[in-house]
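First listed ligand is number 1; within each ligand, the first listed atom is number 1.
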Amino acid sequence: MGRFARAIATIVAAAAVALAAAAGQARELRAADTHPEDYPTVQALNFMGRLLRERTQGRWSIKVFHSRQLGEERETIDQARAGAIDLVRVNLAPFNALVPETIVPSLPFLFRDGGHLHRVLDGSVGEDILRAFERHGLVGLAFYDSGARSFYNARRPVTGPADLKGLKIRVQESPLFIALAESLGAIPVPMPYGQVEVGLRTGVIDGAENNWPSYQDAGHFAAAPHYSLTEHTMAPEVVAVSKRVWDSLSTGDQAQLRQAARDSAAHMRRLWSERERAAQAALAKAGVRVTRVDKAAFAEAARPIYDRFLAEPRLKEMVRRIQAVE
Ligand code: GTR
């Protein structure tokens, strides 16, 4: 969207909020998600919309524009900050350059396992990260699961960082992910999610990194069948609402929206673990070649990332708090 179109969209959206509020009418929130309709993130947003509609007697609902209908993740973030989109569900990585606190849970080899991640996100560190969005035009509502991300490629089995050397690996548009791929010897190619499949098929990139469901769902596995279990990051997804929309809500409606998001996150955890298992089984059947890796070697190569991205003491302190969570 051009700047002019965006400005118009913002004015129209703001006017719609004001009118609906004045008339006490029902209002539909527009949510953006890059994934297709049956993906757990989209299903969880639909669930959140159902809860909200029930709990507000139909005053508020959510229409989910899935499958990138409203653009790639970075664009939807910009539009939500401008108030042209109400809700976004994106991974934390595209927020890394904007909201420094999102770097922390995206760091490589930080969480011990999924349980550790959940306890951190459900606790005070999670609260602090969600609150950090407010300085950047959004209000963080809840985290969704995204499992662990691993590297995959079209060329060869990768068991240690040396095997990644020289491979062109697509990463998310995040300085952290670019630096991470570099530290492991790969050539990072930042690119939006929607271009990865063609990039793999045409050889523009040799590989990428993602969780099991995305690797399967986006069809990346067909062109890049070597999946290496690096599980290098557990960067979660976030659901955030435009601050302009948030500020137009009554305190009661704000509480309803936050609660519906939280409840949808609990629902999403169930959907996610089922989907992860199903994707893994389907990929094994499809002939994907899974390689165990020397995780310690990857963690060691990625270690300089910590100093580089934790220059601010408050971020370092957050890492300490995360490590202290049992
Ligand atoms: C997926 C995530 C998306 C997007 C995508 C990517 O796992 O759910 O939001 O971040 O990865 O790699 O761009």
Practice task
Provide, to 0.1 Å, the distance between atom 3 (C) of ligand 1 and the closest protein heavy atom, together with that atom's residue and name.
Solution key: E73 OE2, 3.3 Å
Practice task
May I ask you to decide if the ring planes of Y152 and Y215 are parallel, tilted or perpendicular, using 30° and 60° as cut-offs?
Solution key: tilted
Practice task
List the closest protein heavy-atom neighbour of atom 5 (C) of ligand 1: residue, atom name, distance to the nearest 0.1 Å.
Solution key: Y193 CD1, 3.6 Å
Practice task
Heavy-atom distances under 4.0 Å are what count here, so tell me which part of T41 touches ligand 1: side chain, backbone, both or neither.
Solution key: neither
Practice task
Quick one: sort the Y227 and W212 rings into parallel, tilted or perpendicular, breaks at 30° and 60°.
Solution key: parallel
Exercise for the section: Fit a plane to each ring of F95 and F133, take the angle between them on a 0 to 90° scale, and name the class: parallel (under 30°), tilted (30 to 60°) or perpendicular (over 60°). Expected result: perpendicular
Problem - Closest protein heavy atom (residue, atom, distance) for atom 7 (O) of ligand 1 - result: N210 OD1, 2.7 Å
Handout entry: S146 side chain reached by N91 side chain, heavy atoms, under 4.5 Å
Key = yes
Handout entry: contact_flag E209 ligand 1 heavy-atom lt 4.0 Å
Key = no
Handout entry: Minimum-distance pair of heavy atoms, taken over all atoms of G71 and T76
Key = O-CG2, 3.7 Å
Problem - Polar atom proximity, Y39 to ligand 1 (N or O, under 3.5 Å) - result: no
Practice task
Measure V196 to ligand 1 on non-hydrogen atoms and call it side chain, backbone, both or neither using the 4.0 Å cut-off.
Solution key: neither
Practice task
Taking the side chain as every heavy atom from C-beta outward, state whether R262 and M48 have any pair of such atoms under 4.5 Å apart.
Solution key: no
Handout entry: Under-4.0 Å heavy-atom contact with ligand 1, by part of R170 that carries it
Key = side chain
Exercise for the section: Any atoms of ligand 1 less than 4.0 Å from a non-hydrogen atom of N211? List them with their elements. Expected result: 7 (O)
Completion exercise
Ranked by distance from atom 10 (O) of ligand 1, the top protein heavy atom is Q172 OE1, 2.6 Å
Practice task
Please confirm whether the backbone N or O of E326 pairs with a side-chain atom of R119, one donor and one acceptor, at under 3.5 Å?
Solution key: yes
Handout entry: Numbered atoms of ligand 1 (with element) below 4.0 Å of N91, judged on heavy atoms
Key = 9 (O), 10 (O)
Exercise for the section: Can you measure from CD (E209) to CG (L184) and round to the nearest 0.5 angstrom? Expected result: 10.0 Å
